[in-house]
Amino acid sequence: MKTSVLFGALTVAGLAAGTASAQTLADVQEAGVLDCGVATGLTGFASPNAAGEWEGFDVSFCRAVAAAVLDDPMAVNFVPTTGQTRFTALASGEVDLLARNTTWTFSRDVDLGFEFVGVNYYDGQGFMVPRELGVTSARDLDGATVCIQTGTTTELNLADYFRVNNISYEPVPVETNAEAQQQYLANACDVYTTDASGLAATRATFENPGDHVILPEIISKEPLGPLVRHGDNQWGDIARWTLNALIAAEELGVTSANVAELAEGTDNPEINRLLGTEGDLGAMFGLDSDWAQRAIAAVGNYGEIFEQNIGESTPIGLARGLNAQWTEGGLLYSPPFR
């Protein structure tokens, strides 16, 4: 992130955090709509379809929260944000929630006054180059021009990587993924660098995806996740446990297809508590007992969301990898519902 962006967002976020109060849930319910900050357009993660309806991996989380809170997954106002505008939009209250492939870092969590509610995609920064360049490693990029989005962690990661490997580069700053794609395809830069998932999503939109190679190096840890403002623990808990509900549902075998049947009661106490047929977890943060049922019914469990939007059967073709359940060798792990 550029210093000017950091301090600008820091000022706004500091003011917002100082005046925040536990009222986001009431405000959203009174308005009847969730304002959700998303990317300006990243295929598979957040983009409008031909009918103008937003869809994608991050979009599904926004809809899950709206289903839990408003009983209507379509009651979402999607607010496109760039790498530079996203934090101001959240801090100022323009959006209630940010679900925009955003990396959880110390400074964003602490200095900017935000609360990351979990990780919905474990990622890392990579590089994409035209196949015709014959490049097989990022270490072969000495002197390359590199398209890079401003206001992102990728700027510092890129500088660190090239410095450690004693190679030079020329940055080509861009503000959005669409601009990066345009510049890259116009040969204004030799390389495009961003999160590896973003590279796969971008490449899937090319006329000839096979003409472009994602290099093997992953040069950073990018735990991507939704975030809210500091100062409203109730709202943070709702967003956090909605994400956990989607993750736990996959582990427990609860899907959009069987959630209604399982909500009638099962022999598994964890499923019953998740779906509200035992206990009353929803009342603990101001919702009814069916909140998780509605979220899962609306968008499916985590695995369904992944496979439908970015999985191996989609043009993006991402394997689960680190984003598999902990029982399958991945990092996905929900705390208990009890």
Side-chain angles (χ1 to χ4, degrees), residues 25 28-29 34 56-76 97 99 116-122 223-226 228 233-313 319-338:
L25 174 61
V28 170
Q29 290 178 328
L34 171 70
F57 183 81
D58 289 328
V59 166
S60 294
F61 179 71
C62 300
R63 295 202 187 280
V65 174
V69 171
L70 300 171
D71 193 14
D72 184 0
M74 302 305 291
V76 185
L97 170 71
F116 284 79
V117 301
V119 177
N120 70 343
Y121 193 94
Y122 291 93
L224 309 180
V228 297
N233 292 340
Q234 178 192 38
W235 184 244
D237 286 343
I238 289 172
R240 175 179 302 105
W241 285 96
T242 299
L243 176 58
N244 286 335
L246 302 177
I247 294 171
E250 181 184 20
E251 179 185 348
L252 295 168
V254 181
T255 70
S256 56
N258 67 17
V259 63
E261 178 184 353
L262 295 177
E264 295 176 2
T266 73
D267 294 330
N268 186 324
E270 182 83 350
I271 293 177
N272 295 344
R273 288 190 293 267
L274 171 66
L275 301 182
T277 55
E278 284 186 27
D280 196 4
L281 298 182
M284 296 181 185
F285 53 25
L287 299 181
D288 62 19
S289 60
D290 297 338
W291 64 276
Q293 285 186 45
R294 292 194 295 270
I296 298 164
V299 300
N301 64 35
Y302 180 92
E304 290 179 277
I305 295 168
F306 191 104
E307 293 307 323
Q308 178 181 349
N309 292 288
I310 58 177
E312 292 182 290
S313 64
R320 289 291 292 267
L322 295 178
N323 297 291
Q325 290 280 339
W326 67 284
T327 52
E328 301 293 333
L331 297 179
L332 283 193
Y333 187 109
S334 170
F337 278 77
R338 61 180 319 118

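Everything numeric here is computed off the predicted structure, so don't read it as measured data.
With Arg273 contributing its side chain and Glu278 its backbone, the two residues share no donor-acceptor pair below 3.5 Å. Side chain of Gln293 to backbone of Leu275: a donor-acceptor contact under 3.5 angstrom is found.
Closest heavy-atom contact between Gly253 and Leu262: O-CD1, 4.2 Å. Residues Phe61 and Ala99 share a closest heavy-atom pair of CD2-CB, 4.2 Å. Across every non-hydrogen atom of Val299 and Ala64, the tightest pair is CG2-CB, 3.9 Å. For Leu252 against Asn268, the heavy-atom pair with the smallest separation is CD2-ND2, 4.2 Å. Contact between Thr242 and Ala295 at its shortest, heavy atoms only, is CG2-CB, 4.3 Å. The minimum heavy-atom distance between Arg240 and Phe116, with the atom names listed, is NH2-O, 4.2 Å.
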* To do: Verify side chain to side chain contact (heavy atoms under 4.5 Å, CB included) between Met284 and Asp237, making sure each step is shown before the conclusion.
  => CA-CA 10 Å; Met284 296 181 185; Asp237 286 343; over 6 Å; no
* Ile296 and Leu274: side chain to side chain contact (heavy atoms under 4.5 Å, CB included), yes or no, with the steps? -> CA-CA 10 Å; Ile296 298 164; Leu274 171 66; 4.3 Å; yes
* **Test log, rule side chain to side chain contact (heavy atoms under 4.5 Å, CB included), inputs Gln29 and Leu287** => CA-CA 11 Å; Gln29 290 178 328; Leu287 299 181; 4.0 Å; yes
* Asked: Could you go step by step and tell me if Val69 and Trp235 meet the side chain to side chain contact (heavy atoms under 4.5 Å, CB included) rule?
  -> CA-CA 10 Å; Val69 171; Trp235 184 244; 4.1 Å; yes
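Between the CD1 atom in Ile271 and the CZ atom in Phe337 there is a gap of 12.0 Å [rounded to 0.5 Å]. Atoms CG and CG, from Asn272 and Asp267 in turn, are 8.0 Å apart once rounded to the nearest 0.5 Å. We find the OH-CD distance between Tyr333 and Glu251 to be 8.0 Å, quoted to the nearest 0.5 Å. Here the OH atom belonging to Tyr122 is positioned 5.5 Å from the CG atom belonging to Leu331, to the nearest 0.5 angstrom. The CG atom of Leu25 lies 11.0 Å from the CG atom of Leu34; values are rounded to the nearest 0.5 Å. Met74 CE to Leu70 CG: the interatomic distance, rounded to the nearest 0.5 Å, is 13.0 Å.
Counting heavy atoms from C-beta on, the side chains of Arg320 and Glu312 never come closer than 4.5 Å.
In this view, Glu328 and Ala324, Gln325 satisfy the side chain to side chain contact (heavy atoms under 4.5 Å, CB included) rule, not counting sequence neighbours.
Side-chain contact of Ser256 with Glu304: a donor-acceptor pair under 3.5 Å is present, judged by distance alone. Glu261 and Asn258 form no side-chain donor-acceptor contact under 3.5 Å, judged by distance and modelled atom types alone. Side-chain contact of Thr255 with Asn301: a donor-acceptor pair under 3.5 Å is absent, judged by distance alone.
Residue pairs meeting the ring-ring contact (aromatic ring centres under 6.0 Å, His included) criterion with at least one member in residues 247-285, sequence neighbours excluded: Phe285-Trp291. Residue pairs satisfying the side chain to side chain donor-acceptor pair (under 3.5 Å) criterion with at least one member in residues 57-75, sequence neighbours excluded, are listed as follows: Asp58-Asn120.
In this pair, Phe306 and Tyr121 present their aromatic rings parallel. The plane angle is below 30°, not in the 30 to 60° band.
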